[in-house]
Amino acid sequence: MSIVKVTLPNNSVLEVESGATVLDAVKKIGPGLAKSAIAAIYNGKEMDLSRTLHEDGQLRVLTTQNPEAVEIIRHSTAHLMAMAVTELFPGTLLTIGPIIENGFYYDFDSPHKFSPDDFPAIEAKMRDFAKADLPVVRSEKPRSEAIAYYKDPAHREPYKVEMMEEWTDDSVSFYQQGPFGDLCRGPHVPSTGKLGHFKLLSVAGAYWRGDEKRPMLQRIYATAFTSKDDLEKHLFMLEEAKKRDHRKVGKELDYFHMEEGSPGMVFWHARGWKLYSTLMEYIRQKLSRRGYQEVRTPEVVEKNLYVKSGHVANYADLMFFTESENREFVIKPMNCPCHVEIFKQGIKSFRDLPVRLSEFGKCHRNELAGAIHGLMRVRGFTQDDAHIFCTVEQIADEVADFCKLLQEIYAEFGFTDIIVKLADRPEKRVGSDDAWDKAEAALSEACGRANLAYVMNKGDGAFYGPKLEFTLKDSLGRHWQCGTIQVDFNTADRLGAEYVASDGSKHAPVMLHRAVFGSLERFIAILIENFGGDLPMWMNPQQVRVLPVSEKTLEYSREVNRKLLDAGYLSEVDERNDKIGFKIREGEREKVPYLIILGEKEAQSGKITLRKRKTGDLGAFSLDEAMEKFKLEVSTKGG
RNA sequence: GCCAACGUAGCUCAGCUGGUAGAGCACCUGAUUUGUAAUCAGGCGGUCGUGGGUUCGACUCCUAUCGUUGGCACCA
């Protein structure tokens with residue numbers, strides 16, 4: 001028997017016989033470690049404790065103390081859940097059960113319709129199996145043998161067969177715990193006793209292999225942690241996130257509502273619309289300094305324009321149509337063809353480029369019922385849209401400038417967790433491959449120049465061109481595309497837009513479709529969730545509220561309020577006949593940045609008492625001092 | 001669009017196996033004149049999402065439909 005040298009993280013070297021298991025080596029380090037070990041990393045590869053060692057290497061033992069451990073725990077808990085489900089619901093077929101951010105899921109094909117009511121029974125079964133501390137045994141089989149095994153009616157698993165038939169590996173690995181076995185790469189915990197801190201979260205439908213033409217499976221989402229404490233912290237965090245939900249907060253703060261009769265359409269209330277208007281004005285100021293010209297185009301447009309642009313061919317099912325005098329119209333689903341129509345008015349020279357047309361264009365898209373989601377995904381929305389008509393040579397500068405603008409703006413809103421995705425050519429597209437090559441390269445180059453790291457989003461570009469997607473997260477960590485810039489060599493040409501080049505020849509301009517917020521609706525939803533409703537003073541539709549301690553100071557309160565309104569602040573008086581404690585509570589609950597408390601003390605001294613949201617009493621100020629404070633806070637976008 | 005769950009007063013929710021709807025908050029009225037997160041009392045308020053059906057009787061059961069939620073798919 002040859003000897004294998006195992007180097008530990010502290011550089012000490014352990015010698016074991018070749019063929020000894022990882023666990024044998026760990027036992028030599030110490031029995032305590034052997035007990036708490038759940039897997040190991042050997043020469044950079046995660047592996048089970050049962051694997052045998054045949055060559056020298058670096059060993060790191062993973063216990064619940066290591067951050068990597070939680071993924072193995074989750075993966076093994078997915079098997080535990082599948083075991084419980086197949087035990088409780090015979091006839092359930094297995095598919096896949098991967099880990100995801102903060103948890104895992106398992107997709108089943110089962111005659112039983114799973115519901116959250118089943119969770120307690122499944123969890124109880126999982127606990128039983130965990131308590132039984134069943135060894136998790138790895139084995140390998142030739143792939144052909146594994147396929148034959150799963151084709152056998154005794155252990156029929158057609159989804160596993162389908163997967164294996166597409167693989168090229170010669171052998172596949174299995175994990176067996178008690179009567180339950182699953183095809184899996186591993187690694188896994190050595191026995192089910194290592195598992196225990198888990199919770200089933202939800203059940204959802206999911207197409208097999210993400211393909212809507214294939215069967216719909218039943219997915220159970222769950223999570224697991226290495227400790228009870230971590231699990232509870234995570235569940236608490238989920239509860240807290242629900243409190244920031246823009247649908248809940250938006251209703252509480254009287255920003256907007258939606259109605260059953262007009263699904264996906266928003267009724268903006270006065271406060272919500274104030275916020276909306278503030279954001280539009282903010283963008284206007286940013287754009288006017290950068291050579292954009294704001295325009296306005298119709299919302300009902302002849303259908304033919306969108307036939308020529310290619311939108312009808314691609315999106316007819318998702319568009320609203322109308323007709324009048326035997327002519328067909330579309331309810332504008334996007335602004336670009338309309339902006340091309342403006343560009344086409346008059347003759348454009350290369351000297352005119354780039355032309356940057358912006359519009360708060362209201363668009364309607366007949367989104368599938370299941371896609372609608374609060375303000376995040378609606379059927380009627382407004383984009384901070386703009387189209388830059390430019391030459392091929394100008395693309396890189398324009399894209400890079402836009403990326404800078406977007407970064408500047410997102411920073412002012414406090415967004416740091418921005419995921420940039422480059423979505424390249426989809427299968428269904430218009431234009432030559434040559435044009436796509438150029439457009440994709442331009443985006444990639446611009447990212448380099450703007451110092452933006454991006455991830456590829458394969459095949460997810462628009463039909464007319466590739467795009468950069470600037471994604472923000474909601475309170476539950478779900479990704480939403482907000483900003484975007486798209487390079488389009490096709491639309492201007494299809495719609496017959498052209499400019500005269502220096503040599504007198506005519507060319508279609510390149511179009512850059514771009515938006516910073518994306519849809520105002522979605523951006524507002526993200527803002528609400530990220531701030532938990534505590535919007536900074538500069539954009540808050542309620543900036544100050546004056547609270548008279550009693551009716552005796554009502555007149556003084558109205559006077560102070562008048563001065564605040566004159567100075568341009570959004571202020572109001574809480575004139576209700578209630579105690580000051582109640583009014584403060586209401587003011588805090590409605591997330592008003594500043595409360596001004598006026599009792600007889602203030603009325604006599606001519607001062608005001610200021611209270612800052614979430615902070616509390618700030619003491620006495622003159623009104624002028626307070627307004628200086630407000631001015632600073634608004635101008636620095638603080639709070 | 002697909003899978004599942006849900007839909008009761010303005011809001012948050014209760015209503016067991018079918019016997020004919022209830023709480024808190026909000027709102028209104030009165031009292032209180034109030035000092036940093038809920039003053040007290042009284043009152044108003046629902047054809048239980050909608051349409052069918054079963055039943056002597058339906059908020060409760062069945063069915064269709066609309067909407068919402070969580071996912072999947074889609075997202076110009």
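In what follows, every chain begins at residue 1, and chains take the letters A, B, ... in the order their sequences are listed.
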From the options [options], select the nucleotide whose nearest atom is closest to the side chain of [X].
| X | options | result |
| --- | --- | --- |
| A:Ala369 | B:C72, B:G1, B:U34 | B:G1 |
| A:Lys113 | B:A76, B:A4, B:G71 | B:A4 |
| A:Lys251 | B:C72, B:C75, B:U12 | B:U12 |

Heavy atoms only, 4.0 Å cut-off, all strands: where does [X] land among base, sugar-phosphate and nothing?
| X | value |
| --- | --- |
| A:Ala371 | base |
| A:Tyr105 | nothing |
| A:Thr609 | base |
| A:His373 | sugar-phosphate |
| A:Leu318 | base |
| A:Gly210 | sugar-phosphate |
| A:Pro333 | base |
| A:Glu602 | base |
| A:Asp617 | base |
| A:Lys428 | nothing |

Does a side-chain N-to-carboxylate-O contact under 4.0 Å join [X] and [Y]?
| X | Y | result |
| --- | --- | --- |
| A:Asp211 | A:Arg209 | no |
| A:Glu588 | A:Arg585 | no |
| A:Glu586 | A:Arg545 | no |
| A:Glu575 | A:Arg558 | yes |

[X] vs [Y] side-chain heavy atoms within contact, under 4.5 Å:
| X | Y | result |
| --- | --- | --- |
| A:Glu600 | A:Val549 | no |
| A:Ile528 | A:Tyr255 | yes |
| A:Ile524 | A:Phe517 | no |
| A:Lys607 | A:Lys601 | no |
| A:Leu201 | A:Leu235 | yes |

Taking atom types as they are modelled, would you say the side chain of A:Arg209 forms a donor-acceptor pair with the base of B:C72 within the 3.5 Å cutoff?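 No, no donor-acceptor pair under 3.5 Å.
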Under-3.5 Å donor-acceptor pair between A:Tyr207 side chain and B:G71 base: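 When only heavy-atom distances are counted, A:Tyr207 does not reach the base of B:G71 through any donor-acceptor pair under 3.5 Å.
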Value in whole Å for how far the [atom2] atom of [N] lies from [atom1] of [X]:
| X | N | atom1 | atom2 | value |
| --- | --- | --- | --- | --- |
| A:Leu368 | B:G1 | CG | P | 7 Å |
| A:Arg576 | B:U33 | CZ | C1' | 16 Å |
| A:Ile597 | B:U33 | CD1 | C1' | 17 Å |
| A:Glu600 | B:U34 | CD | C1' | 10 Å |
| A:Lys583 | B:U34 | NZ | P | 12 Å |
| A:Asp118 | B:A5 | CG | P | 10 Å |
| A:Ile96 | B:C72 | CD1 | P | 12 Å |
| A:Glu367 | B:A73 | CD | P | 16 Å |

Nearest-angstrom distance, [atom1] atom, [N] to [M]:
| N | M | atom1 | answer |
| --- | --- | --- | --- |
| B:U60 | B:G7 | P | 11 Å |
| B:U50 | B:A58 | P | 15 Å |
| B:C13 | B:C6 | P | 15 Å |
| B:G19 | B:C27 | P | 35 Å |
| B:G45 | B:U29 | C1' | 15 Å |
| B:G52 | B:G30 | P | 44 Å |
| B:A38 | B:C25 | C1' | 10 Å |

Partner nucleotide of B:G67 by Watson-Crick or wobble geometry (both distances under 3.5 Å):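 Per the H-bond distance test, B:C6.
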Given RNA chain B, 5'-ward residue of the pair A:Ala204 and A:Gly616, judged by closest heavy atom: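 The answer here is A:Gly616.
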Closer to the 5' end of RNA chain B via nearest nucleotide, is it A:Arg379 or A:Leu217?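 It is A:Leu217, whose closest nucleotide lies nearer the 5' terminus.
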Are A:Arg247 and B:U68 close enough that a side-chain N or O sits under 4.0 Å from OP1 or OP2?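 It does not, given that no N or O in the side chain of A:Arg247 lies less than 4.0 Å from OP1 or OP2 of B:U68.
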OP1 or OP2 of B:A76 under 4.0 Å from side-chain N/O of A:Lys467: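 True: A:Lys467 side-chain N/O within range (under 4.0 Å) of B:A76 OP1/OP2.
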Listing time: all N or O pairs from protein to nucleotides 37-39 of chain B that are below 3.5 Å?
residue	atom	partner	partner atom	Å
B:A37	N6	A:Glu588	OE1	3.2
B:A38	N7	A:Arg585	NH1	3.1
B:A38	N7	A:Arg585	NH2	3.4
B:A38	N6	A:Arg585	NH2	2.7
B:A38	N1	A:Arg585	NH2	3.0

All side chain to side chain contact (heavy atoms under 4.5 Å, CB included) counterparts of [X], not counting sequence neighbours:
| X | value |
| --- | --- |
| A:Ala204 | A:Tyr221 |
| A:Thr322 | A:Val300, A:Phe329, A:Ile331 |
| A:Asp385 | A:Asn335, A:Gln383, A:His387 |

In sequence, state the C-alpha distance, the side-chain angles, and the governing distance for A:Thr297 and A:Glu359, and then conclude on side chain to side chain donor-acceptor pair (under 3.5 Å). CA-CA 8 Å; A:Thr297 62; A:Glu359 176 174 8; 2.8 Å; yes
Option passing salt bridge (charged side-chain N to carboxylate O under 4.0 Å, His left out) with A:Asp534 (candidates A:Arg589, A:Lys243, A:Lys614):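 With A:Asp534 as partner, salt bridge (charged side-chain N to carboxylate O under 4.0 Å, His left out) holds for just one option, A:Lys614.
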For nucleotides 49-51 of chain B, print each protein N/O atom paired with a nucleotide N/O atom at under 3.5 Å, atom names and distance only.
none

Stacking of A:Tyr315 on B:A76 base (centres under 5.5 Å, planes under 30°):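 Aromatic stack with B:A76 present for A:Tyr315.
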Strictly below 4.0 Å, heavy-atom distances to any atom of RNA chain B: list the hits from residues 477-493 of chain A, or just say none.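 Close to the strand are A:Arg478, A:Gln486.
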Assign the ring pair A:Phe470 / A:Tyr410 to parallel, tilted or perpendicular, where the plane angle (0 to 90°) is split at 30° and 60°.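 Judged by the thresholds at 30° and 60°, the geometry between A:Phe470 and A:Tyr410 is perpendicular.
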